[in-house]
*Asks:* 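Structure provided below as structure tokens; questions to follow.
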Amino acid sequence: MTTVGWVGVGLLVAAGLAMVVEMALAAVWAVAVARRATKLAERLETARGILDSDLKKLRFAVEEAQRLWRPYRTALRWLGHPLTIALWQSYLRRARVR
């Protein structure tokens, strides 16, 4: 075999070794990524549990606030009515004139 032939064989062996090294490196990185993904999933699950409990507390607080404001709802609706506001403004203008 000529020198050019041996160079081709050498390049073929070098390419094969490079591929084996890259596959081993990719496997190591894949294992590391899988471990990080598992840890991240665990942290996300913990955070989701905390978020769910906070959401339950918030819903309970909103329900309680609605229950406590229920007796005043009619009065607040009347006070916020545009005609009621106009009436109060009319009384204030008359009081300022005096």
*Asks:* Step by step, would you call Lys56 with Ser53 a side chain to side chain contact (heavy atoms under 4.5 Å, CB included)?
*Replies:* CA-CA 5 Å; Lys56 284 180 185 178; Ser53 70; 5.6 Å; no
*Asks:* Any chance you could measure Glu63, atom CD, to Gln66, atom CD, to the nearest 0.5 Å?
*Replies:* 7.5 Å
*Asks:* In the structure I gave you, are the side-chain heavy atoms of Val97 and Arg94 within less than 4.5 Å of one another anywhere?
*Replies:*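 Counting from C-beta outward, Val97 and Arg94 never come under 4.5 Å.
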*Asks:* Can you check whether Ala34's main-chain N or O pairs, donor with acceptor, with Thr38's side chain at less than 3.5 Å?
*Replies:* yes
*Asks:* The test is side chain to side chain contact (heavy atoms under 4.5 Å, CB included); show your working for Val13 and Leu17 and say whether it passes.
*Replies:* CA-CA 6 Å; Val13 169; Leu17 286 175; 4.3 Å; yes
*Asks:* Working to the nearest 0.5 angstrom, can you tell me the gap between Arg43 CZ and Arg36 CZ?
*Replies:*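 Interatomic distance, Arg43 CZ to Arg36 CZ, rounded to 0.5 Å: 11.0 Å.
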*Asks:* Would you compute the distance between atom CG of Leu83 and atom CG of Leu87 and round it to the nearest 0.5 angstrom?
*Replies:* 9.0 Å
*Asks:* Considering non-hydrogen atoms only, spot the tightest contact between Leu79 and Ile85 and give its length.
*Replies:*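 Leu79 and Ile85 have their closest heavy atoms at O-CG1, 3.7 Å.
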*Asks:* To the closest 0.5 Å, what do you measure between CZ (Arg77) and NE2 (His81)?
*Replies:* 10.5 Å
*Asks:* Got a second to check how far Leu76's CG is from Arg73's CZ, nearest 0.5 Å?
*Replies:*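 Interatomic distance, Leu76 CG to Arg73 CZ, rounded to 0.5 Å: 9.5 Å.
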*Asks:* Quick one: pull up CZ in Arg59 and CG in Leu55 and give me the separation to the nearest 0.5 Å.
*Replies:* 4.0 Å
